[in-house]
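Report on one structure; see the data block that follows.
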Amino acid sequence: MATATTTESPGFDLSLTEEQALVQRTARDFAREKVLPKAAEIDEHKKVPRELIDEMGKLGFMGIDVPERYGGSGMDRLTYMLVVEEINRACASTGVALCTHVSLGIEPILLFGTDAQKEKWLPDLARGQKIACFALSEPASGSDAAAMRTSARRDGDAWVLNGTKNFITNGSIAEVAIVFAQTDPALKHKGIAAFVVEKNTRGLVVGKLENKLGIRGSDTAQLVFQDCRVPAANLIGAVGDGFKIALATLDGGRISIAAQAVGIARACLEDALAYAKEREAFGKKIADFQAIQWKLADMATEIDAARLLTWKAATLKDQGAPHTLEAAEAKLFASDIAVKAARDCVQIFGGYGYLADFPAERHYRDAKITEIYEGTSEIMKLVIAEQVLAE
Ligand SMILES: Cc1cc2nc3c(=O)[nH]c(=O)nc-3n(C[C@H](O)[C@H](O)[C@H](O)COP(=O)(O)OP(=O)(O)OC[C@H]3O[C@@H](n4cnc5c(N)ncnc54)[C@H](O)[C@@H]3O)c2cc1C
């Protein structure tokens with residue numbers, strides 16, 4: 001039953017259900033009490049504590065859209081987006097660990113796995129007892145993912161994988177990896193296959209851990225496959241379905257990156273607002289200057305617009321409707337306004353905005369990644385244009 005509750009925008013009511021509102025409140029309280037106090041330390045020490053992931057597992061967030069029969073919370077995508085916004089408002093590194101696990105790690109099994117595969121992997125993943133990652137990008141192929149060089153060769157009851165995957169979020173901490181590999185280069189994208197590879201598989205080695213501009217607490221690793229034998233039963237879908245699986249997964253993933261961007265932008269607005277009400281210049285609070293007010297007004301407006309696009313895309317996904325266009329629009333717009341909000345947040349903090357002692361500097365570094373991963377803004381425009389032109 002729909003009951004009135006508010007989003008962060010006073011006076012604008014999208015009538016979340018009682019359950020959605022309860023989950024939103026739970027996520028907000030958890031983010032404020034448990035995640036936010038650790039955010040600066042997570043950034044500095046470049047690690048999200050496993051306890052935080054365990055707690056997200058206990059709250060049901062790590063398997064939020066996994067059906068209850070597989071150990072998940074059985075909730076819809078919109079509810080998941082509410083959680084993603086709250087966690088990322090507190091800490092984008094913790095937020096992306098969650099988004100990658102749910103949207104990219106679990107989703108291919110949920111959408112394309114057999115019953116046996118779901119029963120084997122989903123319960124531990126849904127409870128957060130195991131962490132998942134998604135290995136598509138390579139040193140020489142990111143946007144052009146179909147140009148991947150990682151190979152898969154059938155050998156008896158196994159596939160033998162060779163190659164290197166780059167930039168893999170949760171790469172060194174994940175126990176389960178969704179890995180894409182080429183079975184026949186002549187077939188180009190139609191030769192790609194998707195596999196579930198368990199961390200302890202011989203021939204899978206965690207390579208370089210990346211040192212990054214932002215989301216520094218998020219684990220970003222190379223995964224190296226050297227004659228790595230993966231049981232044939234771990235193939236998801238059919239040989240040749242891999243590219244389709246990757247694109248369908250990314251359609252959903254982009255909605256959660258849009259929600260991540262909304263969360264980061266909200267952190268910028270809330271921190272800038274609090275600072276502007278305190279800081280004085282020329283005998284006034286800086287919030288009294290119109291130049292500051294206009295920045296705050298733009299942030300508030302753009303956050304609401306980005307959230308609406310995100311919720312629209314999530315709702316379409318919940319309805320089983322096509323959402324490639326809407327997911328790309330939400331990610332393009334939300335990442336753009338998050339970067340802008342972070343720039344304005346630093347500006348409102350003045351010199352203090354440039355110091356690591358204040359959160360504005362971290363938001364500025366964290367926001368940028370939302371324009372890059374799960375498809376750059378240029379690729380989002382290609383996707384949107386393709387959809388619009390096809391109409
Ligand atoms: C912190 C981090 C985490 C990541 N996590 C993951 C992960 O978990 N799993 C995973 O598989 N990957 C992950 N990635 C990889 C990420 O998705 C890619 O970096 C991204 O898709 C861009 O690919 P690229 O870096 O190879 O850039 P390139 O594809 O080389 O692009 C370089 C530039 O050229 C532009 N460009 C490329 N093609 C076109 C075109 N056709 N038209 C116009 N412009 C174009 C791009 O927009 C970009 O500006 C992560 C990356 C980072 C930095």
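When a ligand or atom number is given, it counts from 1 through the structure's own listing order.
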Practice item. Can you spot which of I64, V262, I255, D76 makes a side-chain contact (heavy atoms from CB on, under 4.5 Å) with M81? Key: I255
Check your understanding: Strictly under 6.0 Å, is that where the ring centroids of F134 and F180 end up?
Key -> yes
Revision key, fill the gap. Across all chains, not counting sequence neighbours, the ring pair (Phe, Tyr, Trp, His ring centres under 6.0 Å) partners of Y352 are F358
Review point. Where the side chain of H323 meets the backbone of A321, is there a donor-acceptor pair that is under 3.5 Å apart?
Key: yes
For each nitrogen or oxygen atom of ligand 1, which protein N/O atoms lie closer than 3.5 Å, and how far apart are they, rounded to 0.1 Å?
unit_1, atom_1, unit_2, atom_2, d
ligand 1, 5 (N), F167, O, 2.8
ligand 1, 5 (N), T169, OG1, 2.8
ligand 1, 8 (O), T169, N, 3.0
ligand 1, 8 (O), T169, OG1, 3.3
ligand 1, 9 (N), F134, O, 2.8
ligand 1, 11 (O), L136, N, 2.9
ligand 1, 11 (O), S137, N, 2.8
ligand 1, 11 (O), S137, OG, 3.2
ligand 1, 12 (N), S137, OG, 2.7
ligand 1, 23 (O), S143, N, 3.4
ligand 1, 26 (O), G142, N, 3.3
ligand 1, 29 (O), S143, N, 3.0
ligand 1, 29 (O), S143, OG, 2.6
ligand 1, 47 (O), T376, OG1, 2.7
ligand 1, 47 (O), E378, OE1, 2.8

Exercise for review: For residues 242-273, pull every pair meeting ring pair (Phe, Tyr, Trp, His ring centres under 6.0 Å), keeping only residues two or more places apart or in separate chains.
Suggested key: H189-F243
Review point. Excluding sequence neighbours, so at least two apart, what forms salt bridge (Lys or Arg N to Asp or Glu O under 4.0 Å) with K212?
Key: none
